[in-house]
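Protein chains get the first letters and strands the later ones, always in sequence-line order, with residue 1 at the start of each. In this text, all values refer to a predicted model and were calculated from it rather than measured experimentally.
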Protein chains: 2
Amino acid sequence: MLEVLKRDGLARICRFDTPHGMLETPCLLPVINPRLTTIPPRTLKERLGFQALITNSYIIRNDPRLKERALSEGLHRLLDFDGVIMTDSGTFQSHMYGEVEVRNSDIVAFQRDVGADIGTVLDIFTEPDWGRERTAEAVRVTLQRTEEAVYLKGGMMLAGVVQGSVFPDLRTECARSLSALPVDVFPIGGVVPLMENYRFADLVEVIIASKMGLAPDRPVHLFGAGHPMLFSLAVLLGCDMFDSASYAKFARDGRMMFPEGTYHLKEMRGLDCECPACREHSIESLQALPEEEKAKALALHNLYVSQKEIERAKRALLEGTLWELVEQRCRAHPALLDALRAVGRHKDYLERFEPLSREGAFFYTGPESLDRPSAYRYERRYFERYRKPAQQMSVVFEDADKPYSRALSKEIGAISQVADAHFVVMSPFGPVPIDLDEVYPIAQSVFPRRADRDTRERVRELMERFSHAQEYGVSMLYEGEATMDMLSTLGEGESTFDLDLARIKAVADYQFGKGASDPLFEGRVELTKSKNTDKIRNVAVDGEHVVSMRAPDGFFTLRPAGARRLMSGLSFPRMRVVVDQDSAAFNREGKNVFCQFVKDCDPGLVPMDEAMVVSEKDELLAIGRVLLVREEMLAIRKGLAVKVREGIKL
Amino acid sequence: MLEVLKRDGLARICRFDTPHGMLETPCLLPVINPRLTTIPPRTLKERLGFQALITNSYIIRNDPRLKERALSEGLHRLLDFDGVIMTDSGTFQSHMYGEVEVRNSDIVAFQRDVGADIGTVLDIFTEPDWGRERTAEAVRVTLQRTEEAVYLKGGMMLAGVVQGSVFPDLRTECARSLSALPVDVFPIGGVVPLMENYRFADLVEVIIASKMGLAPDRPVHLFGAGHPMLFSLAVLLGCDMFDSASYAKFARDGRMMFPEGTYHLKEMRGLDCECPACREHSIESLQALPEEEKAKALALHNLYVSQKEIERAKRALLEGTLWELVEQRCRAHPALLDALRAVGRHKDYLERFEPLSREGAFFYTGPESLDRPSAYRYERRYFERYRKPAQQMSVVFEDADKPYSRALSKEIGAISQVADAHFVVMSPFGPVPIDLDEVYPIAQSVFPRRADRDTRERVRELMERFSHAQEYGVSMLYEGEATMDMLSTLGEGESTFDLDLARIKAVADYQFGKGASDPLFEGRVELTKSKNTDKIRNVAVDGEHVVSMRAPDGFFTLRPAGARRLMSGLSFPRMRVVVDQDSAAFNREGKNVFCQFVKDCDPGLVPMDEAMVVSEKDELLAIGRVLLVREEMLAIRKGLAVKVREGIKL
């Protein structure tokens with residue numbers, strides 16, 4: 001059973017319990033060839049810190065001596081490894097050599113009998129050059145064999161493989177069917193040919209199609225992925241486990257892996273690596289090693305670098321900079337840029353898991369950045385949720401050469417306070433009215449000073465969409481810096497526009513849903529502002545503190561009075577997490593909501609959202625911050641669902 | 001005196017001799033504060049491998065105790081450092097604190113008297129917010145002081161600083177004036193405020209304007225640059241030396257430097273660094289160190305990472321992948337992306353130093369890649385040098401969605417051999433006729449499979465330029481894959497087109513200049529082809545071997561008979577390097593041409609060009625590969641100018 005410890009979008013750090021201990025994902029399982037060990041398994045654990053490995057049960061079973069020892073001593077003694085051992089079934093051999101001479105039931109039983117922690121079904125490797133019919137049939141057989149394996153697995157955890165080649169619907173369908181079965185790990189299979197041929201965009205499509213169908217409560221394993229240049233991207237897309245023999249294969253071939261690609265040792269003109277395998281060497285001494293020693297040194301290098309890259313991706317996830325890391329890594333090869341662009345085509349899906357805000361600033365690294373779900377979120381919510389204040393006129397400021405600049409927004413904001421007009425700065429995220437200019441990612445974004453062609457084009461498209469969406473008033477367009485003077489002349493009337501009031505309404509609608517500001521702020525509104533920054537801190541209505549505004553992301557933290565107001569205005573189950581009776585009393589005490597007690601949830605809630613914890617009778621029990629989306633809460637029965645800030649005592 | 005060991009464009013690895021030994025550039029000189037030493041100088045050399053450091057003569061001179069010791073013992077004993085010591089003069093203090101109380105003559109003499117290897121003029125720090133007049137006056141005074149320092153320097157090497165703030169013409173003019181003086185190092189000064197404010201695009205303009213005026217025979221030092229995220233970019237632009245106190249300042253402030261940016265240790269959620277300072281630590285143990293120890297550990301980390309990043313840039317230079325590295329590094333911050341785009345605006349200047357080809361493939365990392373000088377070179381030479389074979393019709397193939405693909409070119413090539421038409425595939429580099437499709441960077445380029453908006457737009461612009469350039473024949477445009485059938489129908493006539501003949505002519509014109517193929521191939525042409533690849537290997541004319549075609553980059557290697565033919569067809573000094581009498585006999589023996597013997601050179605020769613070595617009477621002495629451009633050969637009086645392949649005996 002999986003427990004999500006931290007997440008950012010689909011990316012997650014999880015705890016996964018197995019018979020031989022806990023695995024923290026994302027993690028890499030080095031492949032151990034039972035007949036040709038480059039690095040001893042014990043070394044992998046003790047020196048490199050690998051908690052799990054994967055080996056091949058088919059090879060062991062086909063070798064009489066190994067087979068006998070495995071059956072009598074067990075796999076862990078055979079390999080001299082006391083961590084987690086996953087086994088593959090022979091499927092990859094069928095891809096390499098055509099047929100394999102083993103039955104699914106036999107190989108599953110064998111894996112169980114030798115004590116594998118996680119065994120794998122003998123799935124059918126769906127080749128990328130197969131047609132749809134043949135692929136669909138292979139998926140059918142794979143599912144059938146998985147059902148068979150479920151009855152045979154005994155105490156072993158079972159890996160049920162997602163197949164379906166490059167047909168997204170077959171992948172999703174296969175994933176859905178697997179999710180309904182009691183399998184424990186979801187490898188995504190049949191992807192090695194895509195990786196070998198640098199078809200990374202296709203790989204992205206395969207991963208996303210699979211994720212769409214997979215239940216979120218079990219780890220997703222990208223079968224055969226072992227190159228550090230892929231890890232951050234795969235982590236971003238929600239892959240939890242990786243395995244690969246590449247570290248050893250590449251090493252025997254004299255190739256060194258880096259997050260920025262593969263280099264042939266004999267072609268390298270320097271060694272700028274500090275990993276334990278390289279640090280004692282110069283490029284000359286490494287090149288001069290005897291073949292056997294060289295292969296071992298390079299295998300160690302490849303593993304160290306892989307291990308560090310997974311740690312790097314985890315750190316980026318925790319610091320809120322995973323998108324920036326992935327976009328940087330995807331410059332290592334043009335095919336990775338293709339992959340990054342493929343990710344951008346799924347922003348609609350990714351947005352469902354996109355947190356309300358994150359710690360790291362939004363760094364623009366290229367046109368692909370504008371396809372991030374955070375940009376899509378803003379655009380979507382702006383057009384769906386934003387209500388223009390009741391002024392007569394919209395003044396749109398757009399500077400085609402410069403992406404959004406916060407300084408400009410501030411300058412215009414100052415004018416708008418005296419002019420009776422609705423000021424909007426056109427940004428690559430969408431129109432930014434000054435009352436929304438402090439929310440994530442608007443105020444937390446950094447763009448180059450000069451807009452590139454894609455950014456200008458995007459701003460133009462958004463401008464068009466904005467113009468069409470205007471229902472009333474006069475739209476005025478200005479371009480270039482000279483217009484600042486023209487704007488100033490507008491500032492001579494007397495304004496009826498209260499920026500603070502507009503801001504709290506705009507933010508509430510953006511954060512809680514269209515119209516949410518009406519019940520939240522109905523009555524006599526009082527604001528407390530920061531003495532240092534003059535920013536809104538607390539909002540009280542009719543003497544009650546309803547929300548606080550957070551400086552880092554510009555959103556509200558909910559207070560009990562605010563929660564009650566939202567509940568009266570937003571129909572059940574909007575903004576609510578519904579828990580069962582067992583949980584209620586604890587939550588009223590201010591204790592967190594755990595997944596297993598969640599009965600239902602607003603499907604519109606996203607990670608980091610503020611929400612009301614309620615009983616099935618819609619009684620307010622607590623307020624807090626949501627960590628998972630609905631489908632995750634209902635599937636994952638372990639770990640935190642809502643971090644409660646305040647319980648509502650009876 | 002500088003010696004260029006390796007180069008790629010403006011980037012170079014040099015040997016620079018000083019009184020305390022040889023420096024290999026690019027290199028970083030850590031700043032040692034004589035009153036507050038974070039890492040002892042001896043440690044810098046012995047443990048971290050720094051061969052040089054920089055310290056401040058003004059601070060030493062203002063401290064009576066330090067001053068006395070420096071004068072009596074000398075700087076090297078004072079600092080306990082037997083490597084190269086450079087000193088700054090107090091200029092940076094004037095930037096920090098306003099005026100300094102020292103005269104130029106006094107501080108230069110002091111630096112000389114304490115035994116600095118390289119001392120610095122008391123230049124005027126030109127602030128970015130100064131107007132043009134004030135800046136110009138500061139440049140004037142700086143140059144005056146430099147002239148004064150020249151008379152005082154004695155045995156000390158002198159650093160004469162390029163000032164001029166953000167006025168490119170003032171920078172270039174200052175650089176030109178400095179180049180005429182006997183100074184030994186060219187620091188580019190006044191750039192710290194630009195770096196502190198992430199004005200990296202302005203920094204690029206300053207570096208390039210300075211480089212344009214600086215003689216290439218002395219090292220260029222980017223004053224105050226010490227962040228690893230900047231090194232590869234600065235190396236690309238021809239900076240040889242760096243110095244910075246940032247490693248220590250950042251460390252005291254709890255900040256860790258990485259090529260991908262700066263991180264506050266207290267905000268970091270993991271430690272994925274293998275440098276010697278980090279490798280014993282977890283993030284928790286590092287965060288928990290006492291302040292003093294922490295500052296020391298972080299300072300060491302910052303230096304190790306900086307050192308490795310310079311090694312990384314050197315390796316990329318040697319492997320021909322420096323552009324790819326820089327473009328990847330420039331994703332670390334949007335301001336670096338601005339800087340990269342600023343580089344793209346100077347492709348005309350950069351192309352003069354662009355090698356004919358390089359080992360690494362051309363990897364497209366984003367729209368900025370199309371502004372590399374290698375892309376500009378191809379476009380320029382195509383339109384200037386390519387002559388269409390005498391067919392009636394041009395058939396242009398363009399697929400708007402896909403950037404150039406070699407497979408497509410091959411397919412069309414096959415058709416063109418039977419159809420009597422001139423086939424051109426439109427690529428983001430420019431039109432690619434099939435007879436040019438094996439030259440660098442065309443055949444060595446990798447693009448994403450789908451073209452982005454910028455690439456499509458560029459192809460469209462090139463298409464327009466191509467159409468206008470067509471003097472005769474019918475231009476046909478096809479888009480999309482369906483047209484392959486249409487192309488096939490053209491293939492039913494009988495062709496008069498000899499692809500091999502067209503290829504050798506096209507390549508010769510591209511490589512040696514418009515019309516060069518006429519004298520080279522006049523007569524009876526015989527081709528030898530590779531049995532394996534069917535590619536052209538050798539070309540003989542009238543029984544004499546004139547050129548060989550290289551598989552990796554598609555260009556020719558010149559043979560003596562070819563050289564003689566070129567000489568008869570290309571007027572002096574085209575494609576020639578002219579050497580003096582002292583060198584002639586050696587070159588005839590096949591020995592290399594050294595810079596000090598070069599009298600003149602074709603200004604059109606670029607690095608890696610094939611060239612004829614001739615006497616002043618235009619007698620052919622040798623053939624070989626050019627390593628430097630004309631202005632470098634004439635300025636740098638040390639090291640190789642032409643790697644001779646074959647001498648022409650009398």
message: I need the residue from A:Lys314, A:Met268, A:Gln307 with the largest number of non-hydrogen atom pairs under 4.5 Å to chain B.
response: A:Met268
Contact winner vs chain B - A:Arg329, A:Glu260, A:Glu309, heavy-atom pairs under 4.5 Å: A:Glu260
Closest approach of [X] and [Y], non-hydrogen atoms and distance?
X	Y	value
A:Tyr198	B:Arg449	O-NH2, 4.3 Å
A:Arg341	B:Ala451	NH1-C, 4.5 Å
A:Phe447	B:Pro334	C-CB, 3.5 Å

So for [X], is it side chain, backbone, both, or neither that comes closer than 4.5 Å to the heavy atoms of chain A?
X	answer
B:Tyr263	side chain
B:Ala339	neither
B:Leu337	side chain
B:Leu317	neither
B:Tyr364	both

message: Counting heavy-atom pairs closer than 4.5 Å to chain A, which one of B:Cys275, B:Ala335, B:Cys273, B:Gly366 comes out on top?
response: B:Cys275
task: Pick whichever of B:His333, B:Glu327, B:Glu457, B:Arg279 has the most heavy-atom pairs under 4.5 Å with chain A.
output: B:Arg279
With a 4.5 angstrom heavy-atom cut-off, could you sort out which part of [X] is near chain B: side chain, backbone, both or neither?
X	answer
A:Lys308	both
A:Ala316	neither
A:Leu336	neither

In plain terms, say whether [X] and [Y] are close enough for a salt bridge, that is, a side-chain N and a carboxylate O under 4.0 Å apart.
X	Y	result
B:Asp272	A:Arg315	yes
B:Arg450	A:Asp338	no
A:Glu324	B:Arg331	no
A:Arg269	B:Glu311	no
A:Arg453	B:Glu461	yes

- prompt: Is atom CZ of B:Arg47 surrounded by more than 12 heavy atoms (other residues, nucleotides or ligands) closer than 6.0 Å?
  reply: no
message: Both conditions, 6.0 Å and 45 degrees, for the charged tip of B:Arg312 above the ring of A:Phe258: are they met here?
response: no
Rounded distance (nearest 0.5 Å) linking atom CD of A:Glu319 with atom CD of B:Glu267: 8.0 Å
